[in-house]
There are 2 protein chains.
Amino acid sequence: MNYKNHVTRLSQYKSVLQRLVKSGIEKTYAESISKHIGIPATQIRKDFSLFGIRGNKRGGYNVLELLEELKVNLGLNRDLPFILIGYGNLGKALARYHGFHEGCVRIIAAFDPKVGVLSSIPPIPVYPPASISAFLKDNPVKHAVLAVPDDVAQSMVDELYAEGIRGFINFSAIALNIPEDAYVNNVDLELELETVVYYTKEAENKEDKEVKKLV
Amino acid sequence: MNYKNHVTRLSQYKSVLQRLVKSGIEKTYAESISKHIGIPATQIRKDFSLFGIRGNKRGGYNVLELLEELKVNLGLNRDLPFILIGYGNLGKALARYHGFHEGCVRIIAAFDPKVGVLSSIPPIPVYPPASISAFLKDNPVKHAVLAVPDDVAQSMVDELYAEGIRGFINFSAIALNIPEDAYVNNVDLELELETVVYYTKEAENKEDKEVKKLV
DNA sequence: ATAATTATGTGACAATAATCACGACAATCT
DNA sequence: AGATTGTCGTGATTATTGTCACATAATTAT
């Protein structure tokens with residue numbers, strides 16, 4: 001059973017709410033959240049309902065309370081350490097990604113044959129891959145970001161799973177085999193660009209045969 | 001009307017096929033593609049059917065022909081120049097992302113206040129944002145990658161749209177307003193990590209109240 | 001106090017997507 | 001040649017997801 005869309009939307013709501021909090025706004029409405037992210041207000045209410053989040057019959061939602069409930073439902077109401085495997089360009093970008101410094105999702109260490117200390121705030125240490133096992137024995141991390149070359153991704157996952165990692169985000173282009181009790185989220189950047197190409201093509205050529213077939 | 005899942009799958013098939021070509025494999029079957037990416041074989045055939053792609057009644061699919069048809073359907077059977085806006089860590093990672101050098105999707109120039117030439121293969125020049133307009137007059141680019149801070153993303157899109165860009169991939173966390181005839185693909189990295197957290201939480205705590213409600 | 005107004009919450013409905021079951025056809029075997 | 005096998009192709013079916021209409025509660029106005 002896969003509620004990917006619900007969860008994605010919940011995360012989007014959370015993102016909007018965080019911005020509202022920053023702006024000092026205390027109250028919001030399904031309708032105004034809708035304006036921010038383009039999801040119908042009724043869909044938003046349906047989602048909240050599904051996750052047991054309730055508002056005030058006329059007064060909309062209290063921003064802080066709603067944010068807290070969203071975080072609880074997303075499992076983000078606690079410290080969430082990630083390790084980063086692969087410290088190439090993509091790994092560096094992820095480690096420095098400012099968004100992560102605001103939420104509870106934090107990258108606490110990176111592993112790469114080229115060791116060193118990453119100059120971010122806070123600084124993230126880079127260790128050799130051989131020390132992953134030892135590191136995980138001292139640090140109860142359950143999540144890993146895989147930003148390694150395609151050909152080592154699977155063996156890396158196997159090792160990390162054996163060491164207790166259960167949630168993966170995979171930036172390599174190949175599908176990974178994992179046991180039932182773990183989860184992999186695949187992010188294929190090339191695929192994301194190609195999606196854009198497809199829809200742009202569609203727009204520029206409305207009478208395309210294939211498109212007709214689809215509609 | 002949104003066929004996002006179909007298009008995503010088509011792109012995945014394409015990725016598998018490219019690997020098969022590299023390995024020198026000439027023939028494949030819905031069943032064996034399925035093994036690679038975990039999508040049911042009947043789904044694969046249905047997708048092909050929907051896009052008018054046909055195989056041989058018993059002999060499966062010719063790898064090269066299938067790849068070509070997938071590319072045609074995805075609009076990838078031509079040169080696809082992208083420009084990259086924002087040359088921070090993420091921008092650098094994207095510019096150097098090896099996957100792009102193999103397909104037809106290419107980043108041909110980057111724009112950032114900090115100019116310079118990126119040492120990738122091929123080298124990608126970095127120009128000041130002020131020169132975007134002039135650049136687009138000389139180069140008929142229709143697609144842009146937005147890897148800029150959240151607060152400048154919308155104004156950047158407005159400018160790029162005015163200059164003729166119609167396909168965007170947006171790495172900032174905010175939703176962008178665009179006219180009907182353009183397309184934005186939002187990739188929110190924080191959201192991707194949070195999705196992993198959600199599903200990992202679910203696995204570790206099966207009797208969670210909210211989950212029960214859902215099932 | 002009563003009526004009008006404005007949001008929420010949700011069951012009923014509609015649209016979309018995925019799966020299944022089976023027919024068609026080409027290749028191989030006897 | 002005829003039977004058999006393996007794989008595709010697709011209409012029918014089922015499951016999932018999204019939308020709509022409206023009942024409900026809280027607030028404000030008269």
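Labels below follow one simple rule: chain letters A, B, ... track the order of the sequence lines, proteins then strands, and each chain is numbered from 1. FYI, side chains are in, hydrogens and waters are out, and symmetry mates aren't considered; it's all heavy atoms of this structure.
- Rounding to whole angstrom units, CG of residue Leu10(B) and C1' of dA18(C) are separated by 16 Å.
- Under a 3.5 Å cut-off, the side chain of Ser11(B) and the backbone N or O of Thr8(B) do not form any donor-acceptor pair.
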Check: protein-nucleotides 20-30 of chain D nitrogen or oxygen pairs below 3.5 Å:
unit_1, atom_1, unit_2, atom_2, d
dT24(D), O2, Lys57(A), NZ, 3.2
dT27(D), O2, Arg58(A), NH1, 2.4

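- Nucleotide dT7(D) holds its C1' atom 16 Å from the CG atom of Asn62(B), rounded to whole Å.
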Exercise. Between Asn73(A) and Glu69(A), does a side chain to side chain donor-acceptor pair (under 3.5 Å) hold up when you go through it step by step?
Worked result: CA-CA 6 Å; Asn73(A) 276 288; Glu69(A) 297 216 62; 5.2 Å; no
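- The distance between atom CD1 of Ile33(A) and atom C1' of dG9(C), rounded to the nearest whole Å, is 15 Å.
- Taking the ring axis of Tyr61(B) as reference, the NZ or CZ atom of Lys27(B) does not stay both within 45° of it and closer than 6.0 Å to the ring centre.
- Cation-pi contact between Arg106(A) and Phe82(A): absent, since separation from the ring centre below 6.0 Å together with deviation from the ring axis within 45° is not met.
- Here the shortest heavy-atom pairing between Ile39(A) and Ile44(A) reads O-CD1, 3.6 Å.
- Rounded to 10°, the angle separating the first-five-pair axis and the last-five-pair axis of the helix from dA1(C)-dT30(D) to dT30(C)-dA1(D) equals 0°.
- The nearest whole Å value for the distance from the CD atom in Gln43(B) to the P atom in dT16(C) is 16 Å.
- With 3.5 Å as the limit, one finds a donor-acceptor pair spanning the side chains of Ser133(B) and Lys137(B).
- Atom-to-atom, CZ of Phe48(A) to P of dT10(C) comes out at 13 Å; the value is rounded to the nearest Å.
- Inspection of the Asn185(A) and Tyr199(B) side chains reveals no N or O donor paired with an N or O acceptor under 3.5 Å.
- Heavy atoms of Ala30(A) sit under 4.0 angstrom from primed sugar atoms or phosphate atoms, though from no base atom.
- Annotation for Gly75(B) and Leu80(B): closest pair O-CD1, 3.5 Å, computed over non-hydrogen atoms.
- If you take CG of Asp47(B) and P of dT10(D), they are 13 Å apart, rounded to a whole angstrom.
- Residue Arg54(B) is the one, among Arg54(B) and Pro40(A), whose nearest nucleotide of DNA chain D lies closer to the 5' end (criterion: closest heavy atom).
- Nearest heavy atom pair, residue Lys142(A) against residue Ile165(A), reads O-CG2, 3.5 Å.
- Whole-Å rounding puts the Tyr29(B) OH to dT5(D) P distance at 18 Å.
- For the pair Asn5(A) CG and dA15(C) C1', the interatomic distance rounds to 14 Å; values are reported in whole Å.
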